[in-house]
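Below is one structure, written out as C-alpha cells; the observations come after it.
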Amino acid sequence: MKIEQIDLKAYGHFTNRRLLLDGGAPLHIVCGPNEAGKTTLWRAINGALFGIPETTRDGHLHTNPKLRVGLALSSRAGDRLAVMRRKGRVNTLLRYDPDTGAELPEAVPEDRLRDWLGGLGQGLFLAMFSLDHDALVRGGEALAQGRGDAGESLFEAGAGLTSIRALRSRLDGEAEALFKPRASKSAIYRALADYDEARRQARDASVRPVEWTGARSAMEAASKHYEDARAEQVRLQNEARRLERLAAILPDVAALELAQQQLAELTSVPMLPASAPTERVAAVTKRTEALSAERTAAQRLQQHQAELAAIEINDAVLADAEAVEAIHHATTSLPRSEHPGGQGRCRDRSGTERL
C-alpha cells in the first residue's frame, strides 16, 4: 500500500491543504521548520487510517464534528482507494473525490481499509511505520547503551517491547534443550517415539488392497441393491395409490354401467324431433283447455238436466199436440212485431194479444 495524496481538508491549523506523494519515488521526505505542522500531519495520517481519537488537540481551529482528513491509496496491483475520515463514533469513513476533494455520502466499511493495511493494528503500525519523536529518543538511548543493532532498538522502542535479544536467547535455549543429542527424555524425542508408535499402530490397522477392494465391491453391490429396492418401493407405492383411486370411483363405475344398460334398452324408442319440446307444451296447453271445457260442459249439462227435471208435463196439452202444431205453423205466417215484453208475442187485427 502506498499513500499518493493527503487532503487536510480541516485538521489542526490546516484548511484545504493538499500534499501529493505520487510519482515513482520510493521515499518522500517532508521537512519544515518548527510548528510548521509535521507532527500534525503525522497525527492526521494515523487518524485517517485508524480513526481520530475521542479526545484530540487538533480541533482548536475547526470544531470536532468538522475535522476531515482524506487519503488516496494505491496498491502494487494498481488498485486505488480514496477515503475521507471524519471525527465521530460510527460511519466515520467515507468516500471522496481526490481530484476535487469533495466528500461523498457513501460510507466505506472499516474492514475494507483494514484489508489494505494487511491486517495491521494501530499499535503494530505505529511501532513499525510511524515512529514519533519519543520513540526515536528511546531508540537512541538503547543504541547508546549498546543494546543491539539499530533495527532491534528502534522496533523495541516504538512497540514498547522487552529486549528482542533476550527473547531470542531464551528461544535458543529452549531449542537446544529440545534437540540436545542423546537426550532420550527430552520432549522432542518423546514426541518422536510417540509418532513412531502411532505409525506402527496405523500400519497394523491398515487394510490390505485385496480386502479393501472386496469390501468396496460389496458396498457397491449393497448400494445397488438398496437403490433397486428403493425404486421398487416407489413403484409399489404408486400402484397402491392408483388402486386406491380405482376403489374410490368403483361405485361411480357401477352406476355408469347400469345407466349404459338402461340406455341400451331404449334403443327402440324413436328419436323425438327438434320441435318436440314446443309441441309438447302446445299439447299440454290444449289438454288443459279441453279439460276446462269438459268441466264447463258438464256443469251446463247438469244445469240443463236439472231444468228439464223441473218441467211439469201437461198431458192434456200433449193430447192436443196436433192442434198445437197446426197453430204454430199458422202463426209463423203472421207479421211479427216487437213487444217490450219480449219476442214470440203479436197482436191480431182486433188488438187482442195472442201467442
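In this view, E294 satisfies the salt bridge (Lys or Arg N to Asp or Glu O under 4.0 Å) rule with no residue, not counting sequence neighbours. Checked against salt bridge (Lys or Arg N to Asp or Glu O under 4.0 Å), R216 has the following partners two or more places apart in sequence or in another chain: E220. Residues satisfying the salt bridge (Lys or Arg N to Asp or Glu O under 4.0 Å) test with D204, not counting sequence neighbours, are R200.
Clustering ILVMFWY residues whenever any of their side-chain heavy atoms sit less than 4.5 angstrom apart, transitively, puts L73 in the very cluster that holds V30. In the hydrophobic clustering of this structure, Y11 does not group with M84; members are Ile, Leu, Val, Met, Phe, Trp, Tyr whose side-chain heavy atoms approach within less than 4.5 Å, directly or through other members. One hydrophobic cluster, built from ILVMFWY side chains closer than 4.5 Å, holds both L21 and L8. Taking hydrophobic clusters as Ile, Leu, Val, Met, Phe, Trp and Tyr residues chained together by side-chain heavy-atom distances below 4.5 Å, I52 does not share a cluster with L94. Tracing side-chain contacts under 4.5 Å through hydrophobic residues (I, L, V, M, F, W, Y), one reaches L71 starting from F50; they form part of the same cluster.
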Exercise for the section: May I have the step-by-step check of salt bridge (charged side-chain N to carboxylate O under 4.0 Å, His left out) for E227 and R230, ending in yes or no? Expected result: CA-CA 5 Å; E227 294 297 334; R230 180 67 177 171; over 6 Å; no
Practice task
Output, in order, the C-alpha distance, side-chain angles, deciding distance and verdict of side chain to side chain donor-acceptor pair (under 3.5 Å) for R43 and N46.
Solution key: CA-CA 5 Å; R43 289 196 302 270; N46 293 327; over 6 Å; no
Practice task
Mind running side chain to side chain donor-acceptor pair (under 3.5 Å) on Q299 and Q303 for me, showing each step along the way?
Solution key: CA-CA 6 Å; Q299 292 175 358; Q303 180 181 359; over 6 Å; no
Exercise for the section: Given side-chain contact (heavy atoms from CB on, under 4.5 Å), test H60 with H13 step by step and report yes or no. Expected result: CA-CA 8 Å; H60 52 84; H13 60 279; 4.1 Å; yes
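Among R18, R17, R68, the single residue meeting the side chain to side chain donor-acceptor pair (under 3.5 Å) criterion with D7 is R18. S74 pairs with exactly one of R80, E4, Q5 by the side chain to side chain donor-acceptor pair (under 3.5 Å) rule, that one being E4.
The environment of E239 atom CD is dense: over 12 non-hydrogen atoms of other residues, nucleotides or ligands sit within 6.0 angstrom.
Every pair passing side chain to side chain donor-acceptor pair (under 3.5 Å) that includes a residue from residues 271-283 is listed here, sequence neighbours excluded: S275-E279. Applying the side chain to side chain donor-acceptor pair (under 3.5 Å) definition to pairs two or more places apart or across chains, those involving residues 109-120 are R85-E110, D111-R114.
Here V253 sits in one hydrophobic cluster together with L243, L246, I249; the rule is ILVMFWY side chains under 4.5 Å apart, joined directly or through other members.
The two residues A48 and V69 have their closest heavy-atom pair at CB-CG1, 3.8 Å.
A donor-acceptor contact under 3.5 angstrom links the side chains of Q201 and E197, judged on distance only.
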